[in-house]
Amino acid sequence: MRNLMKAHEILNNPFLNKGTAFTMEEREKLGLIGLLPPHVQTIEEQAEETYAQMQTKANNLEKRLFLMQIFNTNRTLFYYLFSQHLAEFNPIVYDPTIAETIEHYSDLFVDPQYAAYLDINHPENIEKTLKNAAEDREIRLIVVTDAEGILGIGDWGTNGVDISVGKLMVYTGAAGINPSYVLPLVIDGGTNREELRNNPRYLGNRHERVRGDRYYDFIEQFVQTAERLFPKLYLHWEDFGRGNAANILEKYRKQIPTFNDDIQGTGIVTLGGVFAAMAISGQKLTNQVYLCFGGGTAGAGIASRVHREMVREGLSEEEAYKRFFMVDKQGLLFDDMEDLTPEQRPFAKKRSDFPNADKLTDLAEVVRTVKATILVGTSTVPGTFTQEVVEAMCKNTERPCIFPLSNPTELAEASAEDLITWSDGKAFVATGIPADDVSYKGVNYVIGQANNALIYPGLGLGMLASEASLLTDEMIAAAADSLSGITDITKPGAPVLPPFKYVGEVSIKVAEAVAKKAKEQGLARAKEQDMVKAVHDFKWYPKYQ
């Protein structure tokens, strides 16, 4: 009985289970004789069989649900398969398909997937929850969300834990973070989505979101407890609402190794695209005029990152701010508006400086007025980068950067094909969603995706391998710089960002750059002081032990 219980525990543990790949010697030793079909498969055979089964599924949602069954039973097989099909699987296991599973999470709930659920009504359970979820594993990376600002779909309460699960899948698939080191977590602070609160199948707290001191005290208790239990922790904040995200990051970024992908990740990858555009066109970043369309967490975070880089390249903060403009639902933001967020306020302008201020609710008019040369969209308002807007950008500069970054597809500000056509091939284009190549006047334009997955997996690998005590602006700049050199930017139609199919190679470059900068700044605590070796030694490879 003892061997049988042990055997079933192994088969039901996704970190230990090999399924039909257990050798006969292992089956004898572990009490698995007769509990598996007699033929011993290699991981290659398992992966081929699993992939063939997945291909029979009718759509990406069904494929994701099938892959989650593999994930929940055999992590090694799942990641072996994922690593072979990164570009194909990413939109299935993460964005955009994950939006559907989040919306239906409570209805589809089968297995908690080793996730943790923190209930804001029971702060006394924080330590117990983290210990239970870790199950004596060495946790090095937590992705935590409160699910108030999920992708382009908003507040989804405890359903949003799936975003943490998906994010960690990409960390492991792209950068080789050991899946036994990670913990997906949701802070259930309630939800303001009435349809969830009224849904009898909803599994989260059925009250409005908790705000103010009680909320921030809970965050503080969580951070202090997690840091104490997991002393080598790298803490990733994901999809917090615009009212809390920046406050939380600002409080902790100089205390612990921490990162907010919505604020910092999108900014890093966008800056990498701008760097490439400047290199191709021979322009200087400090001569550009930056227009942010969509002043939420992502938009303000990207603008702040590019602003910091302009300062790093020689402008004063005041000089740099003069080159930044922000448009949100009110139009161009002015400093006399009462509803500005703290992140928007530094970019707001004096109304008296604009004789046509009353017309600056129109994007094309704003582009013409401020002479924008870089236009970045995070508005989730589809179709707003019109032909008129694009033509106005091209009058301001010979080679404008136009990055419609909103996702999913139906929320994009413009399609890559339209932007290439309307700009007569002059615009540097990066999108927030995967885009097909665009053929225009004999040139094949490869469209880079401003996908945060080009940055955050490698960033995490570099932080963990170096055991960096903080994530600094200099390390972030090094990560953005490292995105270049993957593709040949001298080739006509070359992308300003490497296509996602190179994400594995990109992640290693990013990790090495971050780890080296951590050592240079005296922040690396790892025993191994050769940062390239530290990165390669830390990386996990999906194979059976």
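Heavy-atom basis, side chains included; hydrogens, waters and symmetry copies ignored. Position 1 is the first residue of the sequence; numbering continues from there. All of these numbers come straight from a predicted model, not from anything done at the bench.
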CA sep, side-chain torsions, deciding dist, call: L461, Y171, side-chain contact (heavy atoms from CB on, under 4.5 Å): CA-CA 8 Å; L461 177 59; Y171 264 112; over 6 Å; no
Taking the basic N atoms (NZ, or NE/NH1/NH2) and the acidic carboxylate oxygens, is any pair closer than 4.0 Å for [X] and [Y]?
X	Y	result
E148	R211	yes
D107	R201	yes
E388	R368	yes
R345	D335	no
E250	R253	yes
E365	K359	no

Matching residue for D473 among K517, R312, R305 - test: salt bridge (Lys or Arg N to Asp or Glu O under 4.0 Å): R305
Side chain to side chain donor-acceptor pair (under 3.5 Å) evaluation trace for N159 with S106: CA-CA 6 Å; N159 287 15; S106 292; 2.9 Å; yes
Value rounded to 0.5 Å, distance of [atom1] in [X] from [atom2] in [Y]:
X	Y	atom1	atom2	answer
Q264	L459	CD	CG	8.0 Å
L249	W237	CG	CH2	9.0 Å
I433	L411	CD1	CG	9.5 Å
L271	L483	CG	CG	9.0 Å
L61	I92	CG	CD1	10.5 Å
I187	D146	CD1	CG	6.5 Å

Looking just at side-chain N and O atoms, do [X] and [Y] make a donor-acceptor pair shorter than 3.5 Å?
X	Y	answer
T384	E413	no
T101	D162	yes
N452	D261	yes

Above 12 or not: heavy atoms from other molecules or residues under 6.0 Å from [atom1] of [X]?
X	atom1	answer
Q283	CD	yes
D488	CG	yes
D436	CG	no

Any side-chain heavy atom of [X] sitting closer than 4.5 Å to one from [Y]?
X	Y	answer
D418	F385	no
M463	F259	no
P404	T431	yes
E313	K284	no
V165	M68	yes
F403	I302	no
L360	F325	no
I263	F240	no

Derivation of the side-chain contact (heavy atoms from CB on, under 4.5 Å) call for T397 and M393: CA-CA 7 Å; T397 180; M393 289 289 296; 5.6 Å; no
Which atom of [X] lies closest to which atom of [Y], heavy atoms considered:
X	Y	answer
M326	A303	CE-CB, 4.3 Å
A115	V161	CB-CG2, 3.8 Å
V496	A276	O-CB, 3.2 Å
Q521	T472	OE1-OG1, 2.6 Å
G425	R399	O-NH2, 4.2 Å
A147	G160	CB-CA, 3.7 Å

[X] (side chain) donor-acceptor with [Y] (main chain) under 3.5 angstrom:
X	Y	result
R193	W156	no
T361	G331	no
N205	H207	no
Q344	T341	yes
D437	N444	no
N260	D262	yes
T172	I177	yes
K63	K57	no
S482	A479	yes
N407	T409	no

Evaluation steps, side chain to side chain donor-acceptor pair (under 3.5 Å), between T373 and N396: CA-CA 6 Å; T373 61; N396 296 336; over 6 Å; no
Ring-ring centroid check Y321 F347, cutoff 6.0 Å: yes
F354 six-ring face occupied by K349 cation (under 6.0 Å, within 45°): no
Test: R197 cationic atom under 6.0 Å from Y202 six-membered ring centre, within 45° of axis: no
Test log, rule side-chain contact (heavy atoms from CB on, under 4.5 Å), inputs T158 and Y117: CA-CA 8 Å; T158 207; Y117 304 81; 3.7 Å; yes
Test log, rule side chain to side chain donor-acceptor pair (under 3.5 Å), inputs S304 and E343: CA-CA 9 Å; S304 295; E343 295 70 47; over 6 Å; no
From CA spacing to verdict: side-chain contact (heavy atoms from CB on, under 4.5 Å), R323, Y290: CA-CA 6 Å; R323 295 186 166 275; Y290 185 102; 6.0 Å; no
Positive for side-chain contact (heavy atoms from CB on, under 4.5 Å) with I163, one of I102, D95, L168: I102
